[in-house]
Structure formats: C-alpha cells, structure tokens
Amino acid sequence: MVNAPVGGALHQYRIPAISILALAIALALPMQAQAAGTRAGSTISNTASASYDAGGGTQTIDSNKVDLRVDELLDVTVDSSDPADVPTTPGATAQLLTFSVTNNGNGEESFALSTIANGGGDDYDPTVTQIYIDNGDGVFDANTDTLYTPGANDPTLDPDKSVTIFVLSTTPGGVGDGNRGTVSLVAAAKTGTGAPGTSFAGQGDGGGDAVVGSTGADGQDQGAYVVSAATVSLVKSAVIVDPFGGSEPVPGATITYTIVATVAGSGAVNGLAITDNIPADTSYIASSITLGGTGLTDAADADAGDYNGTRVNVALGTVAGGQTRTVTFRTKID
Amino acid sequence: MRLFFLAFAAAILPGQALAANQVALDNNVFVERVSTDATGKQRVLLEEPKVVVPGDRLVFVLNYRNASAQPADKFVITNPLPAAVRFADAGDTRPFVSIDGGKTWGLLPEMTVRQADGTVRAAQPGDVTHIRWAFQKPIPAGGTGKLMFRGVVK
C-alpha cells in the first residue's frame, strides 16, 4: 500500500474500502469500559467541509449532514460496601449489610432490587427482613432512610449516579461460632435485562430504543456475615484443710472452693456472673472472696464480689473468648 | 437496513446537488458490528446506523468528486469531530489533526498536551477535535476519491 505524503493524500489515492487488515487491528484494540457516556436521546451530527480553488478563487462547500440518535444503554453494577465480613451473633436481628448500586448506562433508569440469601458457598442462610434506600448520608437510620417496597419505590438513577442500599437480616439462632452467611443484592434495570445487545424498541430514555449493555442490565454483589459467638464453661473444685493439718472433712475444717470460668470462641459474653450458694452445714468465712487472686469485700459495692448471707456472687461483666476468670471463697464446716 | 460487507468501494454514491461549484463532498457514517459465526470466526459488518449506543465504533467515510471541467487545486477537507465521538484512527490516510478546536494543526504523533499540573504528555487520539486532509496535487476534472476515519461513541 502506498503511503500518502505527510499530511495529505494523493488525489488518485484510493482507500481500498476498509482493509481487512486495518479492521483486524482495530478490533484487537481493547474496548474501553464506558462510563455513562453520551446521554441517551442526544444526536450526533457530522458534517465535513471542503475548500478548493478551481480557478475562480477559493470556494467552500459543506457535505451532507449525517445525524445519529444515541440510544439508551442499560448497565448497572452493584458493589458490597462492607470492607470485611460483618460480625453477627446467633439470633441477632437487624444485622446490616451495605451495598452501592450504580447506573453505568447513559439514561435515567429505575432499578428493581432483590436479595439472594440461599446462594450457597456459606454455612447458613441469613433471613433478609428489610431493604432500605439511603437518604444520601451513607449511614443507616430506619427513621430517615426509605424502606424499599419492590415496584413501589424502585430507585431511579441518573447516568453515573449511585445510591447506597442497606440490607437488614436476622441471624438464625442455631448458628455456630465462625459460621458465614452471605446475602447478594441484585439490581435489575426496570426497562429490561438480557443478553448484551438485546433491544427494547421505543423504551429508551429520550425516546429511542433501550439496548442492554455489557452488564446484562443487571448486577449483583455479595455481602457476608460471620458469626462471632462465645461459650462459657465453669469448673469448680474444693480443697479441705482440717484443724489437725490433714484434709478430712471434719467440723472446723476449712473448704476452699475454686471456680474457673473459661470463655471460648471468637465472640464475647456480656454480663457474666458467677453465683454460688453456701452449702448447708458450712459457714462462709468473711472476706474470703478472691477474683484472679485479689481479695474482694463482702459488701455489694464498687468491687465485683459480694456475699448476701446465703450466696457468693462475682460479677465478671464482659469477657472475651479465650480468657478465663478464677474466683475463690472459703467456708468452714460447722 | 442496508448491510455493507467489506465491499462498498464500488458503490457510486450520489453527490451533493451541484450548484455553481462542481466539487461534491458526500458524507456517510457506518457502524462496525462484529458477529461470530458457527465456526467461531468473527466477521465485521458495516451497517448504516440510525441509532447508536456509547461504545459503538463508527466509520466516517467522505467521498469527493470533482465534476467540473477544471482541476480543483488547494483541495482541503475538514471534518470537525462531533462532541460525542472520540477519534480512534484514520486508517492509512494520515490526516492533520487539531486538538484545540481547529486553531493549530499537526500530525498526532508530534503533538503534545500541557496538563493542568504543568507537565506535558503526548497527544492521544481522544484529544483530537478536528481532522483535515490537505491535498498536495490538484484534483483533475472528473477525479474522485475517498477518505475515512474511525471514532467511538463516547
């Protein structure tokens, strides 16, 4: 093929149609991902002009004008906004997942929202109770955000705009520590979905057609909960010291009780308290309660322990998994 | 819809209504659509679109014809790029381009863009605002030709 001189073209130069080679090269170029792009309903007009001198001075002519209407491209993406699995506990309600839905098309479009909680690949199925549409602050608040009702208030987005969606779920009571449950949020263009290239005549924003884009006009992404539970086990032991230096349970012998509370799991227990009644025929020895080796008073006061005449109580509060608490107290055999 | 399968070169396109001047410039826009046949082979079809969507690849074809009895000298064809079209390439036709709305012209590989932070980068096809072909020889009486460029709907 003859190269035209720099910046020009020979008049007898023929472009042999569009060469197959050139087309092949063009097709090898990666297609750039389009953001919203030219707004649906707009018109692309092209006109060329030529100037020349045929002996009578410079003349200028215009070509015919070609108008192309830009149709609506239907594209949407959904992204989970949670940076990691959201901790939950067995039986917990209103557990929050956050998503963002983006209109990647070039027209105003409404999107139907739905969830998939039984998609597999996890340990349990959360029960989705509500979907809320954010009021724009990105923070869930049931009082200011809008409860989503399919078909009634489907979010409508301008091209390139996003909306934050909150999904609330209940965690089943029977799940175990470390179990994962996933929920996918699905957004589908109301005009229609399908294989890329599917066309919906006359239904596009701006009066043209609507054409399904590369996303299939629906999108989804998955968020996940992880159960963070804890279990408590108590082990109680007793050591007897009799007045004669032995270990016989005789009157006057002292019994030292040791209760070890062990919390296991990735979660924590709240409001943990150890209560033990003083056995019959024994008497509590005043001021003998210890927690982790430190003495506690018998009064119900600022420290964690108290004795009310019939039982010993030590309030341990919140204890995280992997920790132990050791409580001791002493009694004397009557 | 008319389909052109890689062979519309022979088509003699009707010129403009010719008034006093006898040079005509005819403008056609096609969209490249790729179809894959049963054997997995890709075929490129050029369609005359009525509608397009963002991402469509357009082929702009300009046919010129000197129908007068005189040669046309200093022949220059200028095509401002529609705002919604990003220039891709001009095949082998090596046009001058402008990246500043038609004020200055040059060959794309030799042009640079000064960015907001003061640095200079090479001009990209997406910077092009106008395309121009300046012919170095007169077009003889009866001479015809064809120019093309490609763009992508933004």
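Computed from a predicted model, the values in this text were never measured in an experiment. Each chain gets a letter, A, B and so on, in the order its sequence line appears, and its residues count up from 1.
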Quiz item: Passes side chain to side chain contact (heavy atoms under 4.5 Å, CB included), A:Ile44 versus B:Val153? Steps please.
Solution: CA-CA 9 Å; A:Ile44 296 176; B:Val153 179; 3.9 Å; yes
Quiz item: Given A:Asn46 and B:Asn27, is the side chain to side chain contact (heavy atoms under 4.5 Å, CB included) satisfied, shown in steps?
Solution: CA-CA 8 Å; A:Asn46 190 62; B:Asn27 167 26; 3.3 Å; yes
Practice problem: Could you give me the CA-CA distance, side-chain angles and deciding distance for B:Val52 and A:Asp71, then say whether side chain to side chain contact (heavy atoms under 4.5 Å, CB included) is met? | Solution: CA-CA 6 Å; B:Val52 294; A:Asp71 273 349; over 6 Å; no
Practice problem: Please lay out, stage by stage, how B:Val51 and A:Val70 fare under the test side chain to side chain contact (heavy atoms under 4.5 Å, CB included). | Solution: CA-CA 6 Å; B:Val51 296; A:Val70 178; over 6 Å; no
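For the pair B:Val23 and A:Ile61, the tightest heavy-atom approach, listed with the atom from each and the gap, is O-CD1, 3.1 Å. Among all heavy-atom pairs drawn from B:Ile77 and A:Ala50, the shortest one is CG1-CB, 3.9 Å. A:Ser45 and B:Pro82 make their closest contact through O-CG, 3.3 Å (heavy atoms, listed as atom of the first residue, atom of the second, distance). Across all non-hydrogen atoms, the minimal contact from A:Asp53 to B:Lys74 is OD2-NZ, 4.1 Å.
Between B:Asp26 atom CG and A:Ser63 atom OG the span is 7.5 Å, to the nearest 0.5 Å. The structure places NZ of B:Lys154 at 7.5 Å from OG1 of A:Thr38, a figure rounded to the nearest 0.5 Å. Residue B:Ile139 holds its CD1 atom at 10.0 Å from OH of A:Tyr52, rounded to the nearest 0.5 Å.
Of the listed residues (B:Val97, B:Asn79, B:Asn66), the one with the most heavy-atom contacts under 4.5 Å to chain A is B:Asn79.
Of the two parts of A:Val211, only the side chain, counted from C-beta on, holds a non-hydrogen atom closer than 4.5 Å to a non-hydrogen atom of chain B. Both the backbone and the side chain of B:Pro80 come within contact range of chain A, each with at least one heavy atom under 4.5 Å from a heavy atom of that chain. Contacts of B:Leu58 with chain A are made by side-chain atoms alone, with heavy-atom separations under 4.5 Å and no backbone atom involved. Using a 4.5 Å cut-off between heavy atoms, B:Val85 contacts chain A through its side chain alone, with no backbone atom that close. Only the backbone of A:Thr47 comes within less than 4.5 Å of a heavy atom in chain B; its side chain stays farther off.
Counting heavy-atom neighbours within 6.0 Å of B:Arg121 CZ, excluding the residue itself, gives a total above 12.
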